[in-house]
2 protein chains.
Amino acid sequence: MATRNSLYSGRIDKKEPSALDIAVGRIGFRKRFGINEEIYGANERADYFYKVVSGYVRSYTVVEDGRRLIAAFYLPGDIFGLEPTERHLFSAEAIFDAEMLVINRNEVMQSAARENTLARDLWAHVANELHRTQSHLLLLNKSASERVAIFLLEMGDRTRHDRTRHRDEIGLPMSRQDIADYLAVTSETVSRMLTKLENTSAIALRTTRSIVLRDRAGLEQMVI
Amino acid sequence: MATRNSLYSGRIDKKEPSALDIAVGRIGFRKRFGINEEIYGANERADYFYKVVSGYVRSYTVVEDGRRLIAAFYLPGDIFGLEPTERHLFSAEAIFDAEMLVINRNEVMQSAARENTLARDLWAHVANELHRTQSHLLLLNKSASERVAIFLLEMGDRTRHDRTRHRDEIGLPMSRQDIADYLAVTSETVSRMLTKLENTSAIALRTTRSIVLRDRAGLEQMVI
DNA sequence: CGACCATTTGATATGGATCAAGCGATGTGG
DNA sequence: CCACATCGCTTGATCCATATCAAATGGTCG
């Protein structure tokens, strides 16, 4: 009953490289993608999956009426596109110039048949994706200001490790429109909610792409 | 690019029982649940999972502000609660008196370590849950009337096999409020959209719990 | 039959979308 | 190095879909 699944941090504390990380490092080869370049398209065969070396990725689908829904952002270190289905459900693009490790799925699956820890890691990865998607579902049940607050906290958590100095300053690699399509609101609404949060001193907008969480507790309060 | 993931049928055509079905039949024991009885709660250890023998199940979470989000309905034959995570994320209740097969997860996992087809089935099951959840995400990006239409088509598909006579008459086991919490709208809105669909002759409301899809093509049109 | 709860229908309120204009940052060519 | 064009972001005004509040109707079970 005491539901505790409101926020998705997206980062499982990893002390040491997992069997999946090792397999990916062994099997994968590097490939660069330019800004807005497609990594794979929806409905393509999911023969390969990816690990972000540098840059950022958005996974999305364009609905029939033209609207776009971003299902996830992937940050350096994240693995994505590892679908248990035959084909990719979503498309993926580089948000900026980015570098990926490209991994052949079958190779990994064959290794997993022999290596139990790897099989367990694959299972855990899908579990994680499922968890992420379920959190996204909960997000879409909230008001616009809550969605923005949740998004900021999520990004803060996921980028915490590469911030040594100011732990509450987060760099947003994506545009307002990207954020809007992730939160299923308009970019105008994202803007308004950000200024509203700034007016209540919950955050500070250093530049458009750099935001300081001034009152993390207050933000967490509003998403409960 | 040609995104084809708008609708989720929830039913993989199964010619013969899968390895998972067989394992479940071997390991599981039967248990009855009364109306609205909790099968498991969010945050409980996910040591067991379930297969619906008869009756219907809702999987849901209650958000902090009291609203409820139903993540899925499970029908006879469906397996649910097989989380790759340590603990259940959602709660599950019987919608009516229902009978379940209760399966010990570890037992199945151990079998899967020896039996490749079973391991593949487990993987496929999680894939299916992920797919279902992603479809639900897309659903929440639509207008209220589209959501209702999608829901009706989905229920029509999922119950097709146990309708011999009128293939377009569907029995809804759940209340309007349940439907509303699944579609993330109010029950009033569900009512209104149903009467709207009836007025346009897309459906007929035989009774509140029995709906006839009179113009399936028209419904599919409006959800594209 | 009567009580109770679910459902439908109606009236009003409101959060966010839409339409539109201003502003700011970034880059380009003179 | 500056004028200017461009694109993304913010702010403002209005509109609309759905929520909310409220009442009427219907269905179910004692």
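FYI, side chains are in, hydrogens and waters are out, and symmetry mates aren't considered; it's all heavy atoms of this structure. Keep in mind that what you see is a predicted model, and the values were worked out from it rather than measured.
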Could you tell me whether A/D181 and A/R68 have a side-chain N and a carboxylate O separated by less than 4.0 Å?
yes
State which residues pass salt bridge (charged side-chain N to carboxylate O under 4.0 Å, His left out) with A/R67; sequence neighbours excluded, sorted by chain then number.
A/D65
Please list all pairs meeting side-chain hydrogen bond (donor to acceptor under 3.5 Å, both in side chains) that have one or both residues in residues 189-201 of chain A, counting only residues at least two apart or in different chains.
A/T186-A/T189
Let me test you: for the helix from C/dC1-D/dG30 to C/dG30-D/dC1, what is the angle between the axes at its two ends (five pairs each), rounded to 10 degrees?
30°
On DNA chain C, reading 5' to 3', which nucleotide is the first and which the last to sit with an atom under 4.0 Å from a heavy atom of chain B, could you check?
C/dT7 to C/dA11
How long is the gap from CZ on A/F80 to CZ on A/F90, to the nearest 0.5 Å?
14.0 Å
Is the distance between the ring centroids of A/Y60 and A/Y182 under 6.0 Å?
no
Distance, rounded to the nearest Å, where B/I35 contributes CD1 and D/dT28 contributes P
13 Å
Answer yes if the ring centres of A/Y40 and A/Y50 are under 6.0 angstrom apart, and no otherwise.
yes
Taking CD in A/Q221 as the centre, count heavy atoms belonging to other residues, nucleotides or ligands within less than 6.0 Å. Is the count above 12?
no
Pair B/E64 + A/K142, salt bridge at N-O below 4.0 Å
yes
Sugar-phosphate or base contact per nucleotide [nucleotides 11-24 of chain D; S, B, -; heavy atom under 4.0 Å]
BBB----SSBB---
Give, for atom CZ of B/R58 and atom CG of B/D178, the distance between the pair rounded to the nearest 0.5 Å.
4.5 Å
Indicate yes or no: does A/E169 engage A/R206 in a salt bridge with an N to O separation below 4.0 Å.
yes
Can B/R216 and B/D168 be counted as an ion pair, charged N to O under 4.0 angstrom?
yes
When you measure from every atom of DNA chain D, which of residues 204-213 of chain A have a heavy atom less than 4.0 Å away?
A/T208, A/R209
Electrostatic pair B/K31:B/E99 at N-O distance under 4.0 angstrom:
no
